[in-house]
Structures are given as C-alpha cells and as structure tokens.
Novice: 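Pasting a structure below so you can have a look.
Quick caveat, the model's predicted, so the values are computed rather than measured.
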Amino acid sequence: MRIAVPLQLSSQPFMVRDAAATVTALDGETMGTSWSVRVVGATDGLAAAIRQRLDLLVAQMSHWEPTSQLCRYNRAAAGSWHGVGAEFFTVLQSALAVAEQSRGAFDPTAGALVDRWGFGASGPATAFPDEAEIAALRAANAGADRVMLDPHALRVLQPGGVMLDLSAIAKGYAVDDIADLLRQRGHGDFLVEIGGELRGEGIKPDGQPWWVDLEAPPGATLEGLRVALHGLSVATSGDYRRFADHGGRRLPHSIDPRTGRPIDNALASVSVLHPDCMMADAYATALTVLGPEEGRALAADLELAALFVVRTVGGFAEWRTPALDAML
C-alpha cells in the first residue's frame with residue numbers, strides 16, 4: 001500500500017485536539033445518491049442543517065426535479081435572462097471555466113446529449129441516436145460559449161435550446177458547501193462524502209488524518225494508494241460506474257461533447273486530488289473524456305495531482321502526475 005500525504009498541513013495547532021472526543025456519523029440521501037459526514041464533537045441540530053443545505057442545492061441545480069432553477073432554465077425561451085441562486089451561479093461559472101480549459105471535453109451545456117443517450121432525467125434510452133441526430137443535437141443544444149453570465153445580478157442567459165447538466169460538478173460543490181457549513185458551526189475536524197466524492201479537514205481524535213483508499217476499477221490488481229484527506233478532496237471518474245448496453249457493447253455514461261458520443265478510450269478511471277471537491281469532481285470528468293494522452297497533458301499543465309488507470313491488452317497500467325508523485 002502506497003501512502004500520499006498533503007504537502008502542507010493545517011495551521012491549527014494539533015496539541016489542542018481532545019483524544020477522548022467522539023466521532024459522530026451522520027448520513028442520508030440526496031441528489032439520487034447518499035451522503036455521509038463524520039465529525040468530531042457535538043452535533044446538535046447538525047443533521048437537520050445539512051439536509052436543509054442539500055435540499056437548497058437540489059432546488060437550484062437538479063436536472064431531475066422539474067421545478068428546479070436548472071430545469072426551468074432548460075425550458076425557457078430563447079433570449080431570456082434568469083436569476084439563479086449564488087450557489088448555482090458559482091457552479092456554472094466554474095463549469096464554464098473547466099470547459100474552456102479542456103477545450104470542450106467538459107461541457108455543462110451537453111445536457112441534451114446526455115439525456116438522449118439515456119443517462120439523464122428521461123431514463124434509459126430504448127434506441128440510440130444516429131449520426132444525423134447527434135449532429136443536430138450538437139448544433140442546436142450544446143456550446144458553452146453560447147451561455148452568457150451576469151455576475152452582478154446573478155443572471156444567466158438562455159440563448160435558445162441549451163440544456164444544462166451540472167451532474168459532473170454539482171456533487172463536488174455540495175461536498176464543499178457542507179464543509180463550509182461545518183466550519184461555520186465551529187467544526188474543524190470532519191470527513192464529508194457525497195456519492196463517492198470526499199473532502200477531509202483536520203484530524204481524528206487519535207491524531208490520525210482521515211485516510212481514504214483510492215477506488216480501483218473492478219479487476220485491477222495495481223498496488224493500492226491511501227491518501228490523507230487533510231485539507232484535501234478526492235473525486236474519481238470511471239467507465240465502470242454507469243453504463244448502457246448497446247448490442248453487447250458497454251457504453252460508459254461519460255459523453256464526449258466534441259463527438260456527441262459516449263467516450264471510447266482506454267481510460268478505466270481517473271482520480272483527482274484537489275483542495276476543492278468541486279474542482280476535483282469537474283477535472284476527473286474532463287480528464288476522463290480527454291483520454292490518456294490529452295488528459296495527461298492537461299493534468300500536467302494544471303499541476304493536478306491525478307492518478308490515471310488505463311486498460312491494456314494484459315490488464316491495467318497506471319500513470320501518476322508529478323504533483324501526485326510529490327505527495328507519495
């Protein structure tokens with residue numbers, strides 16, 4: 001087992017930790033998945049506050065709830081401006097930035113393509129689109145450069161036909177948001193998880209950090225990697241998590257907006273470590289769509305700590321970025 005630790009530790013003095021303190025576990029469901037929080041110290045009223053925050057994010061960014069701000073935007077007329085919550089605006093602004101960095105491999109406006117391939121709110125597809133339909137969807141619906149933002153009024157322009165899908169970044173933001181809530185309530189030592197995306201702060205009462213083993217693709221026999229989530233987040237994107245069967249061929253749920261089709265590269269998974277879970281979530285998806293070569297190049301350019309697991313003829317191989325190697 002390999003061990004990765006952050007290059008910088010919290011400025012909070014470790015000697016004030018109470019070795020007799022207890023770790024409380026809270027959990028529930030949100031965003032079509034589960035959430036869990038492990039927190040040191042008293043938690044009076046905390047579970048209700050967490051649920052309230054998560055309900056707010058669902059009401060803003062869910063593509064499953066017809067009354068959410070996102071769904072209302074997707075149905076809106078061309079040329080209309082829409083006020084959105086500060087959380088929604090922050091997530092969309094960040095998603096558009098990653099779209100530019102990845103040269104369109106990550107695109108929050110590809111909702112129509114995601115839905116048509118059976119990975120959206122409409123449910124599994126009974127038939128898959130042909131080349132003509134894919135081209136029409138890409139031309140009519142997608143294009144991050146078509147979305148305009150008004151940061152002063154927190155408004156978003158619907159240019160016509162754009163369907164937003166923030167599922168590749170919203171869970172990460174929700175993890176960060178709950179972390180902010182915990183700090184506001186005086187908690188400095190906790191681990192937050194939503195749908196497999198995690199963020200850890202501080203340490204446990206015994207002085208240990210929040211240790212997390214990076215998820216490995218099924219069947220991979222590579223040496224494990226354990227990370228100290230101390231002021232760090234981790235997100236993993238993999239072609240084995242959600243997929244559809246197309247004539248005996250497995251189609252991953254990750255859609256490449258540049259082709260309008262599910263990804264078809266050798267990457268089995270990408271794990272990204274980052275201080276912000278929102279960015280780890282988005283970058284893990286972007287690197288997965290880019291594939292082994294382009295993904296490695298972007299990760300190196302952005303100095304991301306990332307682990308790539310690649311399918312080979314003989315099984316699996318891995319590639320680590322220099323930033324991750326520095327943590328080992």
Side-chain angles (χ1 to χ4, degrees), residues 31 53-65 68-76 78-114 120 141-181 183-184 192 194-195 197 199 233 235 237 254-255 257-258 272 274-290 298-299 301-304:
M31 299 181 177
R53 287 299 303 174
L54 292 173
D55 288 347
L56 171 68
L57 300 183
V58 168
Q60 290 187 17
M61 291 178 276
S62 173
H63 61 287
W64 301 90
E65 296 292 337
S68 72
Q69 292 180 3
L70 183 144
C71 286
R72 294 201 303 269
Y73 171 89
N74 287 347
R75 296 192 300 266
S80 57
W81 284 90
H82 301 269
V84 298
E87 297 82 3
F88 186 154
F89 195 90
T90 296
V91 172
L92 179 56
Q93 192 172 45
S94 299
L96 293 175
V98 176
E100 183 176 2
Q101 289 176 326
S102 65
R103 297 178 296 280
F106 182 93
D107 189 345
T109 71
L113 286 165
V114 173
N141 299 93
D145 57 348
R146 298 179 62 208
V147 177
M148 294 179 60
L149 304 180
D150 179 355
H152 300 291
L154 296 182
R155 298 189 306 163
V156 183
L157 174 68
Q158 169 57 275
V162 165
M163 288 186 62
L164 293 177
D165 184 339
L166 301 175
S167 57
I169 189 172
K171 287 197 300 293
Y173 177 84
V175 170
D176 292 333
D177 194 63
I178 298 305
D180 290 341
L181 171 66
R183 284 194 296 269
Q184 291 166 10
V192 180
I194 299 178
E197 324 297 13
R199 176 168 174 166
S233 301
S237 177
S254 296
I255 304 297
R258 302 169 301 175
V272 175
H274 195 280
D276 299 320
C277 197
M278 175 179 68
M279 301 311 297
D281 195 6
Y283 283 135
T285 298
L287 299 179
T288 297
V289 172
L290 283 169
L298 180 62
D301 287 345
L302 298 178
E303 299 183 347
L304 297 175

Novice: Using the test ring pair (Phe, Tyr, Trp, His ring centres under 6.0 Å), find all partners of Phe89 that sit at least two apart in sequence or belong to another chain.
Specialist: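 Partners of Phe89 by the ring pair (Phe, Tyr, Trp, His ring centres under 6.0 Å) criterion come out as none, since no residue qualifies.
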
Novice: What are the two closest heavy atoms between Ala168 and Phe106, and how far apart are they?
Specialist: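 That closest heavy-atom pairing would be CB-CE1, 3.7 Å.
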
Novice: How close do Cys71 and Glu65 get, counting heavy atoms only, and between which atoms?
Specialist: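 Scanning both residues, the minimum pair turns out to be SG-O, 3.1 Å.
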
Novice: Anything under 3.5 Å between a donor and an acceptor, one on a side chain of residues 155-162, the other on a protein residue two or more places apart or in another chain? List them.
Specialist:
| unit_1 | atom_1 | unit_2 | atom_2 | d |
| --- | --- | --- | --- | --- |
| Arg155 | NE | Asp150 | OD2 | 3.1 |
| Arg155 | NH2 | Asp150 | OD2 | 3.2 |
| Gln158 | OE1 | Gly160 | N | 2.9 |
| Gln158 | OE1 | Val162 | N | 3.2 |
| Gln158 | NE2 | Tyr73 | O | 2.8 |
| Gln158 | NE2 | Val162 | O | 3.0 |

Novice: Using modelled atom types only, decide if a donor and an acceptor are shared between the side chain of Asp276 and the backbone of Met278 within a distance under 3.5 Å.
Specialist: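 The answer is no, because no donor-acceptor pair under 3.5 Å joins these two groups.
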
Novice: Which residues pass the salt bridge (charged side-chain N to carboxylate O under 4.0 Å, His left out) test with Asp180, not counting sequence neighbours?
Specialist: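 Salt bridge (charged side-chain N to carboxylate O under 4.0 Å, His left out) check on Asp180 returns Arg183.
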
Novice: For Asp176 and Ser233, run side chain to side chain contact (heavy atoms under 4.5 Å, CB included): C-alpha distance rounded to whole Å, both residues' side-chain angles, the deciding distance at 0.1 Å, then the answer.
Specialist: CA-CA 9 Å; Asp176 292 333; Ser233 301; 4.2 Å; yes

Novice: How close do Ala170 and Met61 get, counting heavy atoms only, and between which atoms?
Specialist: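 Shortest heavy-atom separation between Ala170 and Met61 comes out as CB-SD, 4.5 Å.
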
Novice: Any non-hydrogen side-chain atom of Met31 less than 4.5 Å from a side-chain atom of Trp64?
Specialist: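 No. Closest side-chain heavy atoms not under 4.5 Å.
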
Novice: Quick one: which of Leu57, Leu164, Leu56 gives a side chain to side chain contact (heavy atoms under 4.5 Å, CB included) with Phe88?
Specialist: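 That would be Leu164; it is the only one of Leu57, Leu164, Leu56 passing the side chain to side chain contact (heavy atoms under 4.5 Å, CB included) with Phe88.
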
Novice: Does any non-hydrogen side-chain atom of His274 lie less than 4.5 Å from one of Leu304?
Specialist: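 With C-beta onward as the side chain, the pair touches.
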
Novice: For Asp165 and Ser167, work out which heavy atoms get closest and say how close.
Specialist: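 Asp165 and Ser167 have their closest heavy atoms at OD1-OG, 2.7 Å.
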
Novice: Checking Asn74 now: which residues fulfil side chain to side chain donor-acceptor pair (under 3.5 Å) with it, not counting sequence neighbours?
Specialist: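 For Asn74 there are no side chain to side chain donor-acceptor pair (under 3.5 Å) partners, ignoring immediate neighbours.
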
Novice: Would you call Ile169 and Ser94 a side-chain contact if the rule is heavy atoms closer than 4.5 Å?
Specialist: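 Side chain of Ile169 against side chain of Ser94, heavy atoms only: contact under 4.5 Å found.
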
Novice: Less than 4.5 Å apart, any side-chain heavy atom of Leu166 and any of Tyr173?
Specialist: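 Counting from C-beta outward, Leu166 and Tyr173 never come under 4.5 Å.
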
Novice: Which atom names give the shortest non-hydrogen contact between Ala174 and Ile194, and what distance separates them?
Specialist: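 Heavy atoms only, the tightest pair is CB-CD1, 3.6 Å.
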
Novice: Sequence neighbours excluded, which residues qualify as salt bridge (charged side-chain N to carboxylate O under 4.0 Å, His left out) partners of Arg72?
Specialist: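 Counting only residues at least two positions away or on another chain, Arg72 forms no salt bridge (charged side-chain N to carboxylate O under 4.0 Å, His left out).
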
Novice: Sub-3.5 Å donor-acceptor pair from the side chain of Gln69 to the main-chain atoms of Gly85, do we have one?
Specialist: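 Yes, because the side chain of Gln69 sits within donor-acceptor range (under 3.5 Å) of the backbone of Gly85.
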
Novice: Contact between Arg258 and Val289 at the side-chain level, heavy atoms closer than 4.5 Å - yes or no?
Specialist: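 They are in contact (side-chain heavy atoms under 4.5 Å apart), so the answer is yes.
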
Novice: Any pair with a residue in residues 96-106 that passes side chain to side chain donor-acceptor pair (under 3.5 Å), sequence neighbours left out, goes on the list, sorted by first then second residue, please.
Specialist: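 The answer is Gln101-Tyr283.
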
Novice: If you take all heavy atoms of Leu96 and Ala144, which pair is closest and at what distance?
Specialist: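 In this case the closest contact between Leu96 and Ala144 is CD2-CB, 3.7 Å.
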
